[in-house]
Amino acid sequence: MSHQHQQPHGVPTYVRGGHPRMTGYRILVIALTTGFGLSKAKLSYDGYSTAPNTLDWLYGVVAFLIIYWLGIYERHAMHSMPWLFEIDYFVLIWRFITGKNSRILPSSIILYLHC
């Protein structure tokens, strides 16, 4: 079930059953967290002791600050990067996972591009 909502720029988006949108920012957070966890697990499994700690510090300082500031920007600023904060990529990702690539762009991207 979808409900239509208006974005700050007047672009309608659809909320699927109250689930959060899968925006570029959220994909970035998931990818960085997954990459960090897998890298640290691999280094630890291979017997390295200092490399996982170095990775902790690098990720903890650099990536966390970037994600933190982008999170503040997402919540409080008028977005000049709709591809990162407004467009819902869920349909595109779901079609990639399931192999149903009959349409390249999901409706939320098409709606944004036509406005």
Side-chain angles (χ1 to χ4, degrees):
M1 174 146 207
S2 296
H3 303 288
Q4 187 173 1
H5 296 282
Q6 292 291 328
Q7 285 295 345
H9 299 292
V11 178
T13 60
Y14 296 88
V15 178
R16 298 169 316 281
H19 298 288
R21 293 177 295 148
M22 185 60 67
T23 62
Y25 168 72
R26 292 178 181 160
I27 294 169
L28 176 68
V29 170
I30 291 168
L32 286 174
T33 305
T34 302
F36 166 71
L38 292 175
S39 299
K40 186 171 178 181
K42 172 77 168 116
L43 290 170
S44 297
Y45 180 75
D46 288 343
Y48 294 100
S49 60
T50 57
N53 291 334
T54 304
L55 186 63
D56 272 341
W57 279 100
L58 288 174
Y59 183 83
V61 173
V62 176
F64 173 77
L65 286 175
I66 292 169
I67 291 171
Y68 178 74
W69 285 109
L70 282 173
I72 291 173
Y73 182 79
E74 177 189 31
R75 188 167 296 197
H76 298 292
M78 293 300 292
H79 302 143
S80 60
M81 297 180 286
W83 57 270
L84 189 60
F85 296 113
E86 296 177 16
I87 296 174
D88 189 354
Y89 294 102
F90 178 79
V91 173
L92 185 65
I93 293 169
W94 184 252
R95 287 185 180 173
F96 177 76
I97 291 170
T98 61
K100 297 178 182 177
N101 293 323
S102 60
R103 275 179 66 190
I104 297 173
L105 297 175
S107 60
S108 60
I109 294 175
I110 291 170
L111 285 172
Y112 178 76
L113 293 176
H114 282 98
C115 293

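What you are looking at is a predicted structure, and each value in this text was computed from that prediction instead of being measured.
The two residues Glu86 and Arg21 make their nearest non-hydrogen contact at O-NH1, 2.6 Å. Residues Tyr25 and Ile67 come closest through the heavy atom pair OH-O, 3.1 Å. Contact between Lys40 and Leu55 at its shortest, heavy atoms only, is N-CD2, 3.7 Å.
If you take CG on Asp56 and OG on Ser39, they are separated by 11.0 Å, rounding to the nearest 0.5 Å. Here the straight-line distance linking atom CG of Leu70 with atom CG of Leu84 works out to 6.0 Å at 0.5 Å rounding. Residue Ile66 holds its CD1 atom at 10.0 Å from OH of Tyr59, rounded to the nearest 0.5 Å.
Tyr45 and Phe36 end up in different hydrophobic clusters when Ile, Leu, Val, Met, Phe, Trp and Tyr side chains are linked at under 4.5 Å. Residue Trp69 is not grouped with residue Leu58 when hydrophobic side chains (ILVMFWY) are merged at heavy-atom distances under 4.5 angstrom, including chains of intermediate members. Side-chain heavy atoms closer than 4.5 Å link hydrophobic residues (I, L, V, M, F, W, Y) into clusters, and following such links, even through other members, never connects Ile30 to Leu38.
A search for side chain to side chain contact (heavy atoms under 4.5 Å, CB included) contacts involving Ile27 returns Met22, Tyr89, Ile93, not counting sequence neighbours.
Phe90 pairs with exactly one of Ile87, Leu92, Asp88 by the side-chain contact (heavy atoms from CB on, under 4.5 Å) rule, that one being Asp88.
Residues Glu74 and Arg26 meet the side-chain proximity criterion, which asks for heavy atoms closer than 4.5 Å.
Between the side chain of Asp46 and the main chain of Tyr48, no donor-acceptor pair closer than 3.5 Å is present.
A distance below 6.0 Å separates the ring centres of Tyr73 and Phe85.
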